[in-house]
There are 2 protein chains.
Amino acid sequence: MSNIKDLARSTGLSTATVSRYLNGHPYVSKEAQYAIELAIRELGYSPNAAARSLRSGKTGRIAIVVLDASHPFYSALVAGAAGAAVEYGYDLLVQQTCTKHWSPDRVLQPVVTRAIDALIVATELEPWGEYAAELERFRVVTCDQALSQAGLHGLYIDHYQSTLDGLEHLYERGARVIACLHDPDHDRCSSSRIRVSAYEQFASRYSEMRIVQLEAEDDTVETGASLLQRIGSEFPEVDGVFSGSDDLAAGLLLAAREAGLDVPGRLRILGFDDQPLARVLGLSTIRQPVRKMGARAVHEVHRLIQRNASCGRGRPNGRRHAPDKIRVPYRLMIRSTT
Amino acid sequence: MSNIKDLARSTGLSTATVSRYLNGHPYVSKEAQYAIELAIRELGYSPNAAARSLRSGKTGRIAIVVLDASHPFYSALVAGAAGAAVEYGYDLLVQQTCTKHWSPDRVLQPVVTRAIDALIVATELEPWGEYAAELERFRVVTCDQALSQAGLHGLYIDHYQSTLDGLEHLYERGARVIACLHDPDHDRCSSSRIRVSAYEQFASRYSEMRIVQLEAEDDTVETGASLLQRIGSEFPEVDGVFSGSDDLAAGLLLAAREAGLDVPGRLRILGFDDQPLARVLGLSTIRQPVRKMGARAVHEVHRLIQRNASCGRGRPNGRRHAPDKIRVPYRLMIRSTT
DNA sequence: ACTTGCTCTGTAATTGATTTCATAGAGTAC
DNA sequence: GTACTCTATGAAATCAATTACAGAGCAAGT
């Protein structure tokens with residue numbers, strides 16, 4: 001590969017002039033422009049990203065940390081982020097925490113070694129207390145309500161309120177014993193902790209209500225289907241289900257229909273996400289605009305980068321901007337299962 | 001952030017010695033080691049990735065190009081790749097071609113500017129003829145049968161054979177007029193072209209068979225459900241469906257059950273992928289190990305990187321290794337819809 | 001004629017790490 | 001004592017770009 005020196009040699013100009021041309025500076029003569037353009041074509045030049053970012057301190061790269069890139073929620077988040085990344089001119093790194101050789105330090109490595117300009121964190125790094133503090137040194141946007149509690153920028157839907165709304169809806173539809181299905185990585189995906197506190201708030205509001213918490217081993221339709229039997233045998237009095245994901249709810253619904261169970265007469269089912277499958281099955285659910293959230297996260301990260309690009313390099317000398325907390329709207333989609 | 005010079009100054013050693021320590025070279029005295037370790041802790045040093053890769057010519061970064069990161073197939077591919085990337089010590093970039101501001105040049109930019117060491121291409125860049133040739137200059141592994149036809153390394157399941165097997169199975173089960181559902185991005189996802197040639201081969205083998213090709217606008221359960229009506233009105237004689245994806249097939253199946261249509265008596269349905277939803281619905285399908293494929297792609301890319309790391313930098317001076325063609329096994333999963 | 005300002009270009013420093021080469025001291029073999 | 005190897009270190013070049021600074025050439029204004 002040829003470099004800027006080759007261009008300089010080939011055109012008889014200096015590297016400074018060539019660099020100026022490449023960066024669109026004024027004060028490059030027409031002849032020089034023409035000569036350089038020609039040389040670029042001839043030598044097949046393209047700039048070296050490493051050298052550029054070494055000099056400029058910018059990489060044009062950001063990363064997003066998710067639990068599992070193949071999970072419908074996270075994959076939609078990644079897709080949204082990837083789309084926006086192109087728009088803003090960034091390359092997007094994807095990091096997964098459900099992997100064997102994963103570790104928080106490994107995830108932070110790119111940001112620490114300045115291989116990326118900023119980080120989007122959508123899943124917990126444990127112990128979060130420790131790493132959240134660490135993250136404050138960098139440009140970080142979190143995509144989870146629980147994660148954003150620290151001094152970090154946050155972008156999330158309000159799980160507390162949305163859970164309350166969902167439970168309230170089930171109550172209105174006549175449910176009195178509600179099974180709440182936990183996310184599979186209950187301990188890792190900290191937003192489920194927020195949901196739990198919403199369950200408690202709700203239970204204390206209506207004394208006649210009972211909440212049963214059930215943990216699903218993973219987040220698939222298959223597991224959802226298997227839960228019907230478990231509910232039937234362990235908690236036969238359950239007449240409403242609030243699921244943390246559409247997949248679990250859909251599986252449960254399919255199993256219920258298979259078993260000839262009256263939905264929503266005998267059992268009301270409410271999902272979360274509004275995936276295509278929910279629409280097909282007529283599953284009531286809470287819609288969250290996940291793709292948009294991913295895109296918005298990139299937008300926010302971009303603003304951060306712009307911000308303290310102008311504040312000078314390295315540490316924020318001036319006062320650090322207060323962390324933004326952005327609530328993304330959600331919407332209850334009432335269909336035929338509630 | 002402190003750099004290696006700061007470490008040198010702080011310890012009274014030279015940058016050479018510090019660098020040697022950091023890279024685990026022999027010939028660094030115990031005292032020096034200790035002093036450097038201390039300084040690292042004190043100054044909070046971490047190496048600068050840009051400087052490293054400028055000097056070494058390696059980035060420790062690879063990219064994967066997919067059509068849509070939220071599509072079940074591609075997201076599984078990405079997930080597999082992301083897992084393996086951690087294992088091999090790479091950072092993984094994800095690029096999406098279903099995005100508004102996308103362009104082939106934009107996708108190739110990281111590899112051209114040497115921001116990544118290698119590229120995994122799982123979807124077509126148009127015009128593919130042109131870009132395939134361009135890609136031969138770099139370390140590339142393709143994850144699609146059609147793409148790998150050029151002089152590129154390829155890793156794929158055999159769509160020609162698997163399609164034949166699927167059609168053969170439908171035939172055995174009594175189907176005589178088979179609707180083949182095209183991928184949504186028929187023109188982009190070139191493996192569907194290979195499938196089409198398999199349809200033709202199959203039709204020429206059995207004179208009594210009829211193949212009807214249907215194009216779906218996208219690859220969701222919703223669209224699959226809407227196809228039932230279209231088939232019923234436009235091609236009422238259809239008695240078998242071969243779908244390029246489980247999602248379409250599942251949608252169709254759900255709509256058929258809803259309509260009280262006898263599956264597989266009146267209509268046989270075969271999917272592709274073996275997603276959890278297929279298992280729950282009892283959908284017959286062709287299983288492909290997508291996650292593993294993603295992981296394997298990273299493995300192959302890693303081998304490429306290792307290879308011409310030893311062959312010296314830049315162009316392959318010696319003879320270029322012949323491109324590997326790796327067929328991934330698939331498996332017909334016979335359930336209750338055929 | 002002299003100053004001022006604008007356009008254009010080149011020299012050289014800088015970014016942070018790695019590596020080649022040179023060198024010096026210590027230990028061992030003859 | 002001389003020759004040799006082995007360990008440990010530093011000075012300086014290198015990787016490919018950007019940019020501060022200096023300076024040359026030219027036109028316009030006084």
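Below, read A as the first sequence line, B as the second, and so on, with proteins coming before strands; counting in each chain starts at 1.
Atom OH of B:Tyr21 is separated from atom C1' of D:dT7 by 18 Å (rounded to the nearest Å). Spacing between atom CG of B:Leu54 and atom C1' of C:dT18 amounts to 10 Å, rounded to whole angstrom units. At whole-Å resolution of the value, CD1 in A:Ile4 and P in D:dC15 are 14 Å apart. Protein atom NE2 of A:His25 is 12 Å distant from nucleotide atom C1' of D:dA20, rounded to whole Å. Here D:dG10 presents its C1' atom at 16 Å from CZ of B:Arg9, a figure rounded to the nearest Å. In this structure, the CG atom of B:Asn3 is 12 Å from the P atom of C:dT18, given to the nearest Å.
In this view, B:Arg114 satisfies the salt bridge (charged side-chain N to carboxylate O under 4.0 Å, His left out) rule with no residue, not counting sequence neighbours. With sequence neighbours left out, the side chain to side chain donor-acceptor pair (under 3.5 Å) criterion links A:Asn23 to A:Ser19. Legend: residues meeting salt bridge (charged side-chain N to carboxylate O under 4.0 Å, His left out) with B:Asp6, ordered by chain and number and at least two apart, are B:Arg9. Residues that satisfy the salt bridge (charged side-chain N to carboxylate O under 4.0 Å, His left out) test with B:Glu134, not counting sequence neighbours, are B:Arg137. Residues passing the side-chain contact (heavy atoms from CB on, under 4.5 Å) test with B:Ser75, sequence neighbours excluded: A:Ser70, A:Ser75. Contacts of B:Glu42 classified as salt bridge (charged side-chain N to carboxylate O under 4.0 Å, His left out), with partners at least two apart in sequence or in another chain: none.
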Validation: residues 80-95 of chain A side-chain donor-acceptor distances under 3.5 Å, sequence neighbours left out:
from, atom 1, to, atom 2, distance (Å)
A:Tyr88, OH, A:His299, ND1, 2.4
A:Tyr90, OH, A:His302, ND1, 2.8
A:Asp91, OD1, B:Arg106, NH1, 3.3

Could you list the donor-acceptor pairs under 3.5 angstrom formed between side-chain atoms of residues 29-36 of chain B and any protein atom two or more places apart in sequence or on another chain?
from, atom 1, to, atom 2, distance (Å)
B:Ser29, OG, B:Ala32, N, 3.2
B:Gln33, NE2, B:Val28, O, 3.1

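Within residues 108-119 of chain A, no residue has any heavy atom under 4.0 Å from DNA chain C. Listed by residue number, the members of residues 35-47 of chain A with any heavy atom below 4.0 angstrom from DNA chain D are A:Tyr45, A:Ser46, A:Pro47.
Of the side-chain N and O atoms in A:Arg52, one or more sit less than 4.0 angstrom from OP1 or OP2 of D:dT18. Regarding contacts with the backbone of C:dT18, a side-chain N or O of B:Asn23 is found under 4.0 angstrom from either OP1 or OP2.
Between A:Leu304 and A:Asp117 there is no side-chain heavy-atom pair separated by less than 4.5 Å.
Rounded to 10 degrees, the angle separating the terminal axes of the helix from C:dA1-D:dT30 to C:dC30-D:dG1 is 60°, with each axis obtained from five end pairs.
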Exercise. Run the numbers on B:Tyr74 and B:Gln96 for side-chain hydrogen bond (donor to acceptor under 3.5 Å, both in side chains), then give the verdict.
Key: CA-CA 10 Å; B:Tyr74 291 112; B:Gln96 221 177 198; over 6 Å; no
Practice problem: Assess whether side-chain contact (heavy atoms from CB on, under 4.5 Å) is satisfied between A:Lys58 and A:Ile305, documenting all intermediate values. | Solution: CA-CA 9 Å; A:Lys58 295 199 160 189; A:Ile305 292 171; 4.1 Å; yes
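Using a 4.0 Å cut-off between charged side-chain N and carboxylate O, A:Arg307 and A:Asp324 make a salt bridge.
With B:Lys325 contributing its side chain and B:Leu152 its backbone, the two residues share a donor-acceptor pair below 3.5 Å.
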Quiz item: Could you write nucleotides 7-14 of chain C as a row of B, S and -, 5' to 3', where a protein heavy atom under 4.0 Å of any base atom gives B, of only sugar-phosphate atoms gives S, and otherwise -?
Solution: SBBBB-BB
